[in-house]
Amino acid sequence: MLIISGLVTGLVNGLIGIGGGTIVIPTMVFLLGVSQHQAHGTSLAIILPTSVASAFIYWRKGYLAWSLILSVALSGMVGAYIGAKMMNKFSPQHLRMLLGIVMVVAGVRLLWR
C-alpha cells in the first residue's frame with residue numbers, strides 16, 4: 001500500500017502538480033490508520049522530494065517561471081510556518097473538514113473556470 005501510494009502521489013504530482021495533500025493525507029488516514037496531524041506533517045515531508053523530481057523535468061523542458069519562484073517560495077514558507085503552528089489548534093475532525101472543503105472548492109473552481 002505504501003509503494004502504491006508513493007507511485008500514485010508521484011505520478012499525480014508530476015502530471016498536474018498536486019499530490020501531497022490530496023492523495024497522501026487521505027491514504028494515510030483512511031487506509032493506513034495514521035492520525036490526522038501526523039498525516040499532514042508526513043505529507044509535507046513527502047512533498048519536497050516529489051516536487052524536486054517533478055520540477056527538474058519541468059526545468060529541463062523550460063516550464064519554470066523563474067520570475068515567480070523566489071517571491072512565491074519565500075512568502076509560501078512564511079505561510080507554511082504560520083499554518084503549521086495553527087494546525088495544533090485544530091482537532092483531527094476539523095483538520096479533515098478543512099482539507100475536504102479546500103479540495104472541493106479547488107475542484108469546483110477548476111471545473112468552472
Side-chain angles (χ1 to χ4, degrees):
M1 185 56 69
L2 291 173
I3 291 171
I4 292 169
S5 173
L7 288 171
V8 170
T9 299
L11 176 68
V12 173
N13 178 283
L15 185 62
I16 58 176
I18 63 169
T22 56
I23 305 291
V24 174
I25 292 173
T27 298
M28 284 191 281
V29 171
F30 298 118
L31 299 180
L32 302 175
V34 175
S35 75
Q36 193 73 38
H37 286 84
Q38 201 170 29
H40 283 251
T42 304
S43 169
L44 291 170
I46 292 168
I47 289 170
L48 181 61
T50 58
S51 295
V52 168
S54 297
F56 176 73
I57 300 299
Y58 280 83
W59 168 73
R60 288 187 56 193
K61 298 287 186 181
Y63 295 138
L64 293 185
W66 289 103
S67 61
L68 302 176
I69 291 173
L70 184 61
S71 62
V72 175
L74 290 176
S75 59
M77 289 169 61
V78 171
Y81 178 83
I82 294 168
K85 291 290 233 179
M86 289 175 57
M87 180 187 69
N88 294 318
K89 299 181 185 322
F90 287 87
S91 69
Q93 294 79 13
H94 285 115
L95 274 178
R96 192 173 312 123
M97 286 175 56
L98 182 60
L99 177 62
I101 290 167
V102 168
M103 289 171 63
V104 167
V105 168
V108 168
R109 286 190 51 109
L110 285 170
L111 290 173
W112 273 277
R113 275 220 148 198

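- V12 places none of its side-chain heavy atoms less than 4.5 Å from the side chain of L15.
- Applying the side chain to side chain donor-acceptor pair (under 3.5 Å) definition to pairs two or more places apart or across chains, those involving residues 38-53 are Q36-H40.
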In residues 80-92, what donor-acceptor pairs under 3.5 Å come from side-chain atoms, sequence neighbours left out?
from: S91; atom 1: OG; to: Q93; atom 2: OE1; distance (Å): 3.4
from: S91; atom 1: OG; to: H94; atom 2: N; distance (Å): 3.1
from: S91; atom 1: OG; to: H94; atom 2: ND1; distance (Å): 2.8

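- Separating the CG atom in L48 from the CD1 atom in I46 is a distance of 11.0 Å, to the nearest 0.5 Å.
- With rounding to the nearest 0.5 angstrom, the CG atom of L95 is 7.0 Å from the CG atom of L98.
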Show the atom names and distances, to 0.1 Å, of all donor-acceptor pairs under 3.5 Å that link a side chain in residues 60-78 to residues at least two apart or in another chain.
from: S71; atom 1: OG; to: L68; atom 2: O; distance (Å): 3.4
from: S75; atom 1: OG; to: S71; atom 2: O; distance (Å): 2.9
from: S75; atom 1: OG; to: V72; atom 2: O; distance (Å): 3.2

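- Taking both residues in full, the closest heavy atoms of G14 and S54 are given as CA-OG, 3.2 Å, listed atom of the first, atom of the second, then distance.
- Residues meeting the side chain to side chain donor-acceptor pair (under 3.5 Å) test with T9, sequence neighbours left out: none.
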Side chains of residues 102-112: which donor-acceptor pairs under 3.5 Å do they make with residues two or more places apart or in other chains?
none

Indicate every side-chain donor-acceptor pair of residues 22-32 with a distance under 3.5 Å to a residue at least two apart or in another chain.
from: T27; atom 1: OG1; to: I23; atom 2: O; distance (Å): 2.7

